[in-house]
Amino acid sequence: MAKMKTMYECLACGYETPKWLGKCPNCGAWNQMEEQIAPTVLSQNSISVTTSGNHQNGKAYKLNQIPTQIEKRLSTKFDEFDRVLGGGVVPGSLVLIGGDPGIGKSTLLLQVSVQLANHEQTVLYVSGEESLSQIKLRAERLELHGDDFYLLSETDLAVIAHEISVIKPDVVIIDSIQTMSVPDNQGTVGSVSQLRGATSVLMRAAKDNQIAIFIVGHVTKEGNIAGPRMLEHMVDSVLYFEGERHNRFRILRAVKNRFGSTNEIGVFEMQDRGLKEVVNPSELFLEERLSGSTGSTVVAALEGTRTILAEIQSLMTPTVYGNAKRTASGIEYQRVSLLLAVMEKHCGLLVQNQDAFFKTTGGVRLDEPAIDLAIAVSIASSYWNRETRVDDVFMGEIGLTGEIRRVSQIEDRLKEANKLGFKRAFIPYNNLKGLNDLALQLEIIPVKTIQNAIRLIFPK
Ligand code: TYD
Ligand code: MG
C-alpha cells in the first residue's frame, strides 16, 4: 500500500505544504495551517440534494449512448444579464458573481430572481447576510412581487440542502458563499476549506438536479474573489459586477464562461428603484464629453460581441519636482507606458519630465489592442495642447515601431460610430479592404503609422 502523505493547508489562502508551519509563506497568516483531514471530504459528501434522481452513479457511457440534450435556457427578461451569460440561464450551471461590497450584487440577483419567478420558475433566494424582513423591505422598495419565490435566511448548507430537496427550485441564489458553512468542516466560516466545501456541495446539487445556482462572492482589495482562485476554477462561469461606487454605472462582465463567450458585458444603471438596463451604453459613456477639449479621444472598442464607444482622456503636465507621476484608471498602466515610449521615440514628444494621467469615462474598463491609437492621439493632443475634433473616432493597434496594425471586426466598430453620428474614422490601413460596400456617412481615413496619423490629425 502506498504510504499516506500528510499535507498541511493554510485555512486562509489554501497554500499547501508537507510540513507544518507557524506562518503561511504565501499569505503571511499565523496559526492557520491545518492537517488535511479526510472527514472534511466525507462530511461534504454526506450532504446530498435529490430532487430528480438524475445522478449518474459513476457509470461511464459511450458518447453515442448519451441522449443529446436540447440546450434550454431560461430568460431572465434582463437582456443585459442574459447576454453576459451567453443567452440566458443554463439549467444545472453554477455561476459565481463577484464584486465589491455595496456594488449591487444582492440587488441585481433579487431583481433577476423575481423576474424568473414571474416567468414560471421556482426560485429560492438564500441569504446568509440579511434577515428575511430586510430582504422583504428591499423587495418592497424595488416594487418586486413574485409568486414562486422563496426566501431563506440561513448559513448552514445542510439546512439549505434540505430546503432545496423540499422546494425543488429551478434556480437558487446563495448570497454570499463567504457566509456559508458545511457542518463538520474544520475551517472557520469564510476560510478556504469552507469555501471549497460549500462550493463543491453546491456544484453537485446543481449538476445532479439541473438547478441553476448563482453564488455571490465578495472581492478583496486586490480584486480577487476572497479565497484563492480555486473558487473560480470550480464553477462554470464567473461574472464580475464592477463600477465605481460614486458612479451610477455598473458593468457585469463575464471573465469565465463554459456556456458562452467571455468579456461579454452588460451595462446597468443604479437608480433609487434598483438596477435599470442601459440599452445603448455608448450614448451614456459619451454624454458628458466636451467639444473642443484637449487630451480627449473616442475609441470604438469591442466588448465581447458588442462594440462600445468610449472616451479616453489624457492629461500631460510638466513634473514639478522629483519623479514623473503616472496613473491610469480604466486602462492597463502597462499599455499607456508603452505608448508613451512609442510617442517619445517616433513622434518627438519629450515625456520623461511630464506627469501623465489617463482615464476612461463612465468607469468602463477597456482592455484590447485597438484602443492604442485613441490613447496615442489623446497623449499628443494633451502634450501639444491641441484640440481633437469631437466627431473623430479612432481604432488601431500600435506596434513598437510605430506601425498601426489591423484590428478585428472593423465593420461593427464603424457601424456603431456611424450610428452615433461620428464624421471621421481613423483606421489601420490594412483594414481598408472590402469596406467600400458599407455605405456609411463616415469619412474613413486609413493610416499606416502613428507619425502619419499625427500629421493628419494635427496639421502644422
Ligand atoms: P447591494 O445590492 O446590497 O450590494 P452588495 O450585495 O453588492 O453588497 O447594494 C447596496 C447599494 O446599492 C447601497 O449602497 C444602496 C444602493 N441601492 C440603490 O442605490 N438603489 C436601490 O434601489 C437599492 C436597492 C440599492
Ligand atoms: Mg449583498
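For ligands, and for the atoms within them, numbers begin at 1 and follow the listed sequence.
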For the pair D391 (side chain) and K423 (backbone), establish whether a donor and an acceptor sit closer than 3.5 Å, ignoring hydrogens and angles. no

The atoms of ligand 1 lying under 4.0 Å from a heavy atom of R273, numbered in the order shown, are 22 (O)

Side-chain donor-acceptor pair under 3.5 Å between S75 and D82, yes or no? yes

In ligand 1, the atoms that come under 4.0 Å of a heavy atom of Q271 are 18 (C), 19 (O), 20 (N), 21 (C), 22 (O)

Under 4.0 angstrom from atom 21 (C) of ligand 1, is there any protein heavy atom? yes

Relative to the heavy atoms of P101, which atoms of ligand 1 are at a distance of less than 4.0 Å? 8 (O)

Out of D175, D272, T107, indicate the one that has the non-hydrogen atom closest to atom 24 (C) of ligand 1. T107

Is the Mg ion (ligand 2) under 2.8 Å from any N, O or S atom of S106? yes

Report yes or no: do E311 and Q313 form a side-chain donor-acceptor pair below 3.5 Å? yes

Near R138 (heavy-atom distance under 4.0 Å), the atoms of ligand 1 are 1 (P), 2 (O), 3 (O)

Under 4.0 Å from any heavy atom of D100, which atoms of ligand 1 are there? 7 (O)

Taking everything shown except E287 itself, do over 12 heavy atoms lie less than 6.0 Å from its CD? yes

Where is the nearest protein heavy atom to atom 16 (C) of ligand 1: which residue, which atom, and how far? M270 CE, 3.9 Å

For the side chain of S296 and the backbone of S293, is there at least one donor-acceptor N/O pair under 3.5 Å apart? no

Can an N or O of L142 be found at a distance shorter than 3.5 Å from an N or O of ligand 1? no

Around atom 4 (O) of ligand 1, find the nearest protein heavy atom and jot down its residue, atom name and distance. G104 N, 3.1 Å

Of S127, G102, G99, A139, the residue with the heavy atom nearest atom 14 (O) of ligand 1 is G102

Using a strict 4.0 Å threshold on nitrogen-to-oxygen distance, state whether R413 and E416 make a salt bridge. no

Determine, for R138 against E130, whether the closest basic-nitrogen to carboxylate-oxygen distance falls under 4.0 angstrom. yes

Where do L286 and A310 come nearest, in terms of heavy atoms and distance? CD2-C, 3.9 Å

Identify the closest protein heavy atom to atom 6 (O) of ligand 1: which residue and atom is it, and at what distance? S106 OG, 2.7 Å

Heavy-atom pair with the smallest gap, counting every atom of T262 and N257: CG2-N, 3.6 Å

